[in-house]
J.: 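Below: one structure in structure tokens.
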Amino acid sequence: MESLLPILLPPALLVALAVIFFLGYAVGKWGMHSAENTGEARVRQVLTTSFKAPEYHLLNNITLPYEDGTTQIDHILVSIKGVFVIETKHFSGWIFAGEKSQYWTQVIYNFRNKTPNPLHQNYRHVKAVRGLLDFLPREQIHSLVVFTGDAAFKTAVPKGVVYLHKLTEYLRRFDEDVITLNRLQFIVGRLECTRYEISRQTDVEHKAYLNRKYRDH
């Protein structure tokens with residue numbers, strides 16, 4: 001009769017397997033972080049090239065106080081045409097999305113991944129900005145999600161979402177001056193004075209807030 005006892009692996013092999021697992025996890029996390037940085041860099045390049053001072057001012061990687069924690073915003077474009085709160089997504093594959101859906105589905109070959117609706121995510125960012133710029137009419141602060149990778153929507157592209165190659169065209173549609181240059185400078189000053197210093201500690205505190213907020217979900 002064959003033994004039913006579990007097979008005991010040599011300690012050296014156990015250590016090797018643990019190292020492989022850790023390296024795989026670390027590479028995966030680094031890949032996600034790298035993709036996010038790539039997308040944000042592409043959006044930043046388009047915005048700085050196409051929208052110049054003094055009518056436009058771009059802030060990147062902004063952490064603001066929000067409720068009992070913080071919220072991190074990829075870009076805020078302050079302009080005489082309005083304030084644009086921008087979330088960047090560097091995705092691949094097919095995207096199945098609904099404007100009001102809680103989750104969107106990303107499909108790469110046979111792999112399906114549910115991701116939180118970025119419009120909902122960016123709405124929290126917009127609320128933080130509106131709270132800080134409460135002297136502006138709500139309609140002058142706009143939410144925008146930019147897709148920078150090679151992902152393709154297999155459903156209708158939701159309102160407030162744009163591909164990177166259409167970003168400039170989209171923003172040019174806002175052709176009415178609604179904010180004076182003096183007010184623009186004031187807005188930038190308030191954002192700069194309120195934003196948290198960019199540091200590893202800021203990032204850790206923001207992630208801790210997210211863990212508290214969503215640990216029961």
J.: Does a side-chain heavy-atom distance below 4.5 Å link Glu40 with Asn60?
T.: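 Glu40 vs Asn60: side chains apart.
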J.: What are the two closest heavy atoms between Arg195 and Leu64, and how far apart are they?
T.: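 For Arg195 and Leu64, the tightest heavy-atom pair comes out as CA-CD2, 3.8 Å.
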J.: For the hydrophobic clusters of this structure (ILVMFWY residues joined by side-chain heavy atoms under 4.5 Å, transitively), does one cluster hold both Val157 and Tyr103?
T.: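 Different hydrophobic clusters.
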J.: Please confirm whether the backbone N or O of Ile108 pairs with a side-chain atom of Trp94, one donor and one acceptor, at under 3.5 Å?
T.: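 Checked: no pair found.
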J.: Applying ring-ring contact (aromatic ring centres under 6.0 Å, His included) as the test, list every pair that has at least one member in residues 108-139; sequence neighbours left out.
T.: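 Sorted result for residues 108-139: Phe135-Phe186.
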J.: Does a sphere of radius 6.0 Å around CZ in Arg112 hold more than 12 heavy atoms from other residues, nucleotides or ligands, not counting ones at 6.0 Å or beyond?
T.: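 No.
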J.: Using the rule given for side-chain contact (heavy atoms from CB on, under 4.5 Å), can you reason through Leu144 versus Leu77, listing the C-alpha separation, both sets of side-chain angles and the distance that settles it, and then say yes or no?
T.: CA-CA 10 Å; Leu144 182 59; Leu77 181 65; over 6 Å; no
J.: Decide whether Phe91 and Val162 are clustered together by the hydrophobic rule: side chain heavy atoms of Ile, Leu, Val, Met, Phe, Trp, Tyr closer than 4.5 Å, transitively.
T.: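 Looking at the clustering, Val162 is in a separate group from Phe91.
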J.: Return the CD1 to CG distance between Ile141 and Leu136, rounded to the nearest 0.5 Å.
T.: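 Separation between the atoms: 5.0 Å.
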J.: Is the shortest heavy-atom distance from the side chain of Thr148 to the side chain of Thr38 under 4.5 Å?
T.: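 The answer is no, as the side chains (C-beta and beyond) never meet within the 4.5 Å cut-off.
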J.: Is it true that a side-chain atom of Thr180 and a backbone atom of Arg183 form a donor plus acceptor pair closer than 3.5 Å?
T.: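 Looks like yes, one N/O pair under 3.5 Å.
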J.: Kindly compute the distance separating CD (Glu192) from CD1 (Ile62), expressed to the nearest 0.5 Å.
T.: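 So the CD of Glu192 and the CD1 of Ile62 are separated by 8.0 Å.
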J.: If hydrophobic clusters are built from ILVMFWY residues whose side chains come within less than 4.5 Å, do Leu58 and Ile76 share one?
T.: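 No, Leu58 and Ile76 fall in different hydrophobic clusters.
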J.: For Leu133, does its backbone N or O pair with a side-chain atom of Arg190 as donor and acceptor, under 3.5 Å?
T.: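 Here the side-chain-to-backbone pair does not exist.
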J.: Can you find a heavy atom in the side chain of Ile179 that is under 4.5 Å from one in the side chain of Val83?
T.: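 Heavy-atom side-chain distance check passes, below 4.5 Å.
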J.: Are Ser79 and Phe174 close enough that some pair of their side-chain heavy atoms sits under 4.5 Å apart?
T.: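 No, too far: nothing below the 4.5 Å cut-off.
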J.: Over 60° means perpendicular and under 30° means parallel, so classify the ring planes of Tyr163 and Phe153, tilted if in between.
T.: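 It falls in the perpendicular class, over 60°.
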J.: Any chance you could measure Leu132, atom CG, to Asp134, atom CG, to the nearest 0.5 Å?
T.: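 If we round to the nearest 0.5 Å, Leu132:CG and Asp134:CG are 8.0 Å apart.
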J.: What is the distance from atom NZ of Lys154 to atom CD of Gln106, rounded to the nearest 0.5 Å?
T.: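 Result: 13.5 Å between the selected atoms.
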J.: Can you check whether Ile95 reaches Thr115 side chain to side chain, under 4.5 Å on heavy atoms?
T.: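 A side-chain contact is absent here, since even the closest heavy-atom pair is not under 4.5 Å.
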J.: Passes side-chain contact (heavy atoms from CB on, under 4.5 Å), Ser92 versus Asp150? Steps please.
T.: CA-CA 5 Å; Ser92 299; Asp150 58 4; 3.0 Å; yes
J.: What are the two closest non-hydrogen atoms of Leu119 and Gly160, and how far apart are they?
T.: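 That would be CD2-O, 4.0 Å.
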J.: Taking all non-hydrogen atoms of both residues into account, name the closest pair between Ile86 and Asp74 and its distance.
T.: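 Where Ile86 meets Asp74 most closely, the heavy atoms are O-CB, 3.4 Å.
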J.: Do Asn117 and Gln102 have side chains that approach each other closer than 4.5 Å (heavy atoms only, starting at C-beta)?
T.: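 With C-beta onward as the side chain, the pair stays apart.
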J.: Can you confirm whether Phe147 sits close enough to His165 that some side-chain heavy atom of one is under 4.5 Å from a side-chain heavy atom of the other?
T.: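 No, their side chains stay 4.5 Å or more apart.
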J.: Side chains of Leu164 and Leu167: closer than 4.5 Å at any heavy-atom pair?
T.: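 They are in contact (side-chain heavy atoms under 4.5 Å apart), so the answer is yes.
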J.: Does Glu176 CD have over 12 foreign heavy atoms under 6.0 Å away?
T.: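 Atom CD in Glu176 is not crowded, with 12 or fewer foreign heavy atoms closer than 6.0 Å.
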J.: Going by the side-chain hydrogen bond (donor to acceptor under 3.5 Å, both in side chains) test, which pairs reach into residues 41-57, not counting sequence neighbours?
T.: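 Qualifying pairs: Ser50-Thr168.
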J.: Quick one: do Val146 and Phe51 end up in the same hydrophobic cluster if we chain Ile, Leu, Val, Met, Phe, Trp and Tyr together by side-chain heavy atoms under 4.5 Å apart?
T.: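 Shared cluster, yes.
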J.: What are the two closest heavy atoms between Asn122 and Glu87, and how far apart are they?
T.: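 Of all heavy-atom pairs spanning Asn122 and Glu87, the closest is OD1-CB, 3.5 Å.
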J.: How long is the gap from CZ on Phe84 to OH on Tyr170, to the nearest 0.5 Å?
T.: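 If we round to the nearest 0.5 Å, Phe84:CZ and Tyr170:OH are 7.5 Å apart.
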J.: For the residue pair Thr71 and Ala128, what are the closest heavy atoms and their distance?
T.: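 Nearest heavy atoms, Thr71 then Ala128: CG2-CB, 3.7 Å.
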J.: Test side-chain hydrogen bond (donor to acceptor under 3.5 Å, both in side chains) on Gln121 and Lys89; report intermediate values, then the result.
T.: CA-CA 11 Å; Gln121 178 184 2; Lys89 292 299 179 187; 3.1 Å; yes
J.: Working to the nearest 0.5 angstrom, can you tell me the gap between Asn182 CG and Ile187 CD1?
T.: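 Asn182 CG to Ile187 CD1: 11.0 Å, rounded to 0.5 Å.
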J.: Which pair of heavy atoms, one from Gly98 and one from Trp104, lies closest together, and at what distance?
T.: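 Residues Gly98 and Trp104, closest heavy atoms: O-NE1, 2.9 Å.
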J.: Before you tell me yes or no, could you show the steps for Val161 and Val145 under side-chain contact (heavy atoms from CB on, under 4.5 Å), namely the whole-Å CA-CA distance, both residues' side-chain angles and the distance that decides it to 0.1 Å?
T.: CA-CA 5 Å; Val161 178; Val145 176; 4.1 Å; yes
J.: Would Leu47 and Leu171 count as a side-chain contact (heavy atoms from CB on, under 4.5 Å) if you check the C-alpha gap in whole Å, the side-chain angles of each, and the deciding distance to 0.1 Å?
T.: CA-CA 10 Å; Leu47 293 177; Leu171 291 173; 3.6 Å; yes
